[in-house]
Amino acid sequence: MSTYVLVHGGWHDGSCWDTVAGLLRREGHEVHTPTIAGNGKNADRRVNHADCTASIVDYIRERDITDAVLLGHSYGGTIIGKVAEAVPERLRRLVFFNAFVLLDGQSLLDETPQNVQFVEKGAAASGDDTYLPAFENVRDVFFNTVSREEALRYYANWSPQPIQPFRDKLDMKTFYSLDIPKSYLTATEDIRVPMPDLSWHPRFSNRLGRFRFVAMPGDHEAMYTNPGLLAVKIVEAGRD
Amino acid sequence: MSTYVLVHGGWHDGSCWDTVAGLLRREGHEVHTPTIAGNGKNADRRVNHADCTASIVDYIRERDITDAVLLGHSYGGTIIGKVAEAVPERLRRLVFFNAFVLLDGQSLLDETPQNVQFVEKGAAASGDDTYLPAFENVRDVFFNTVSREEALRYYANWSPQPIQPFRDKLDMKTFYSLDIPKSYLTATEDIRVPMPDLSWHPRFSNRLGRFRFVAMPGDHEAMYTNPGLLAVKIVEAGRD
Amino acid sequence: MSTYVLVHGGWHDGSCWDTVAGLLRREGHEVHTPTIAGNGKNADRRVNHADCTASIVDYIRERDITDAVLLGHSYGGTIIGKVAEAVPERLRRLVFFNAFVLLDGQSLLDETPQNVQFVEKGAAASGDDTYLPAFENVRDVFFNTVSREEALRYYANWSPQPIQPFRDKLDMKTFYSLDIPKSYLTATEDIRVPMPDLSWHPRFSNRLGRFRFVAMPGDHEAMYTNPGLLAVKIVEAGRD
């Protein structure tokens, strides 16, 4: 049996994994679903990327989690890369699930130039430097495999995302020197935003050097839209 | 329940949708399968792209079709783009199914330079400016998921394609300003012709700006080779 | 019923097809699984690419095999290209299964520059100009769809690969002039090595000109990791 730490993406919190975590626990695995600092319904949004990383590092240290498969989804990929630098000895494998793998010195927004204007405009108007896209702007690109009713139900779990962690440029040099085994799990119908020529894979996966590739049909919100298959694929991506 | 208008591709006519339309109707949907001017077994082939567009616009207006999901397959993508400019108020969503999405000022042949010589040679030899490729030239690239016997049976439904609509350069400026929701449905084993690096998706899909992406296994002739799955995916692509 | 000649890839020998061949024979097909010169557990490793090609050509001629579907996997793609030049009249179709299709004048190593250093270092250290990667270096990239235990069991069948056939630059001009029908069969979770932007398809497939494309989920070692599905897809790729 394995120990999983599942790190959510932007606009989400740890509860997005409830169904997936339940399925994994039923198979006997230990599953942790921390919420990143600044995320969740009633969080203090004044955080930067270092605060966010620290919140997951603290979570792992406080519970003395060892031998963990650390998975990051989307924005969560930028978090697990930095967490891996802090506690490499506690990690058995990193799994990036349609996640950003940042180049040294870059920010998440550097990777999505087509979104910067919307995000910054929303952040400026929010009063607390957060952004929550309207349902109509995400229904087709995040929830493309399910009905409108289902999409609305899942979207109701989203909350405003602090944007400073998306702006922070990260030093990734240590990350790229770590020899922790890595997997890239991709849901193949996830285009999230109309990507340029390359999608999550191989655009971000190829930055990992040697990695295990696991694919599944599905969209960016597969933890909601297909949790059963996602749980199976997390095991395939995370096993030794 | 929804109203679908399914617009066929080159060499086809509205009858190519018979099985798909039957399946959709059994679920309660209203389904229209017009034949583009110049196509079909006994059509007058002397048409240009404007005539072809007009034939579908007239079909929609004469039947007073409203709130329609308008789907175009292959060449049909060039038609529905122009139909959308003419009757945007009658359309709920556009679905491009392995379809061309032309850039402003371009023709279908501009997108398939590797085919121009064959097509034009065939058109010149035809006597009526049409082209019908020999079975051996399409068996592997259009019907790749089925047996030779099945491919022959489906090919028997093809008829000579007027080529002027493939040559006409289209003004797409209004199309690109429309805010009708759009989906791109792709059959992933469809390479049609050995494409350059990018296939239907993301080559044409990315021109749509924001769109819903739906994928299925299958080839370019999925209305014949896998109508059951195609009907399911048309609903997923066309729903709100 | 058809006649198949299945040509293995690097580090493998003809026995890698045992399960697939058994399934095809049960359907009534005739199946040959020759071992390329220099491969197999106790082979003489002092071979170049011409020797390897000759060993398969001889196998086909000695058994008077005609009307064959000739399939090559991975490195085997470089072999079947040259075999086709020698005995085109005996071949009904070529099937490339996640296989190299070399450009005229190039070697297999020319296509994998990222591996040259490892391979050459291993070959220099081997004493007999062969290379066998350690299990840890291939577990994730060749056997990504199965458990570690399964991967270990399949890897036990590998044997050291002579490297000179990977270095030999091949004259492919005759190959590119042959009009034998061709298929490209791809297992879509096979990235083998972190590829640049393009994977087996369309990187190598598009060099074939007109070809039939057949896709399946699976990894580079599908003859071990999913022989049942592979047998089905070999029939789809190989039929007329």
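Within every chain, numbering begins at 1; the chains are lettered A, B, ... in the order of the sequence lines, protein sequences first and strands thereafter.
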Item to complete: Hey, could you give me the CZ/CG distance between B:Phe211 and A:Asn144, rounded to the nearest 0.5 Å?
Response: 9.0 Å
Practice prompt. Against chain A, label B:Arg93 side chain, backbone, both or neither, depending on which of its atoms sit under 4.5 Å from a heavy atom there.
Written response: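 It is the side chain, since no backbone atom gets that close.
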Discussion item. Between A:Ser147 and chain B, with a heavy-atom cut-off of 4.5 Å, which part of the residue counts as in contact: side chain, backbone, both or neither?
Written reply: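 Both parts, heavy atoms under 4.5 Å.
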Worksheet item: Heavy-atom distance under 4.5 Å to chain B: side chain of A:Asn137, backbone, both or neither?
Response: both
Discussion item. I need the minimum non-hydrogen distance between B:Asp240 and A:Arg139, along with the two atoms involved.
Written reply: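 So the two residues come closest at O-NH2, 2.9 Å.
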Decide if atom [atom1] of [X] counts as having more than 12 heavy atoms of other residues, nucleotides or ligands within a radius under 6.0 Å.
X        : atom1 : value
B:Phe118 : CZ    : no
B:Glu89  : CD    : yes
A:Lys121 : NZ    : no

Item to complete: From the options B:Arg239, B:Arg210, B:Arg212, select the one residue that forms a salt bridge (Lys or Arg N to Asp or Glu O under 4.0 Å) with A:Asp140.
Response: B:Arg212
